[in-house]
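Here is the naming used below: chain letters follow the sequence lines, and residue numbers restart at 1 for every chain. The basis for the numbers below is simple: all heavy atoms, side chains too, and nothing from hydrogens, waters or symmetry mates.
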Amino acid sequence: DTAVSQTPKYLVTQMGNDKSIKCEQNLGHDTMYWYKQDSKKFLKIMFSYNNKELIINETVPNRFSPKSPDKAHLNLHINSLELGDSAVYFCASSPSPETQYFGPGTRLLVL
Amino acid sequence: EDKVVQSPLSLVVHEGDTVTLNCSYEVTNFRSLLWYKQEKKAPTFLFMLTSSGIEKKSGRLSSILDKKELFSILNITATQTGDSAVYLCAGEYGNKLVFGAGTILRVKS
């Protein structure tokens, strides 16, 4: 069984488009995260939700909007995509901050 | 600003060699340090260290934390080609992990 799943795995789109990435976890964890990993492999936290409530919102352009319809899902919507948004986006869930289970990642390429 | 710095950035060794990866951190309200291995996809958890001087081991991998000098090392003995990956360390505080840039390890056969 997949613990943390993301869709799509790959996303190629044009600048200016709006796209969403979905994340689901079946581990029963209360906390979920979005991370961005750039071309240099640097992994940086973007958002964290606990029980559908936003608890971490790093300095991320407001074109990025997370949405948590329930505690098993945390989706990421990106408006007006820019070239610099190209990266791998990882979702993670955790029972505690120090133990995070990562999804397989969504590779976004903005042309 | 919180930061985690890893060294070296990349490393190429031969099978059977022993490697040491370094991680230094400056994290406010630090609680723990974590090591992850990232191959082609998502990072997978290796170790969590909270106490100074206590070595954690898992097979050929071991890690230790020095909270006075604010660093941790990850040792891999008798390396194998399957150890080739990016190794990430992260400082944890509150509900956040602050990641280093990673060390790219390549083990040649």
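Within the 4.5 Å cutoff, the side chain of A:Q37 has no heavy atoms near those of the B:F99 side chain. When side chains are defined from C-beta on, A:Y35 counts as touching B:L97, because their heavy atoms get closer than 4.5 Å.
At most 12 heavy atoms of other shown residues, nucleotides or ligands fall within 6.0 angstrom of atom CD in A:E53. Heavy atoms from other residues, nucleotides or ligands lying under 6.0 Å from NZ of A:K71 number more than 12. Around NZ of A:K22, the count of heavy atoms belonging to other residues, nucleotides or ligands within 6.0 Å does not exceed 12. B:K37 NZ: more than 12 foreign heavy atoms inside a 6.0 Å radius.
Nearest heavy atom pair, residue A:F102 against residue B:A42, reads CB-CB, 3.7 Å.
Neither the backbone nor the side chain of B:I104 comes within less than 4.5 Å of any heavy atom in chain A.
In this structure, A:F90 CZ and B:Q38 CD are separated by 4.5 Å, a value rounded to the nearest 0.5 Å. Rounded to the nearest 0.5 angstrom, A:Q100 CD and B:E92 CD are separated by 8.5 Å.
At a threshold of 4.5 Å between side-chain heavy atoms, the hydrophobic network of Ile, Leu, Val, Met, Phe, Trp and Tyr places A:Y33 and B:F45 in one connected group.
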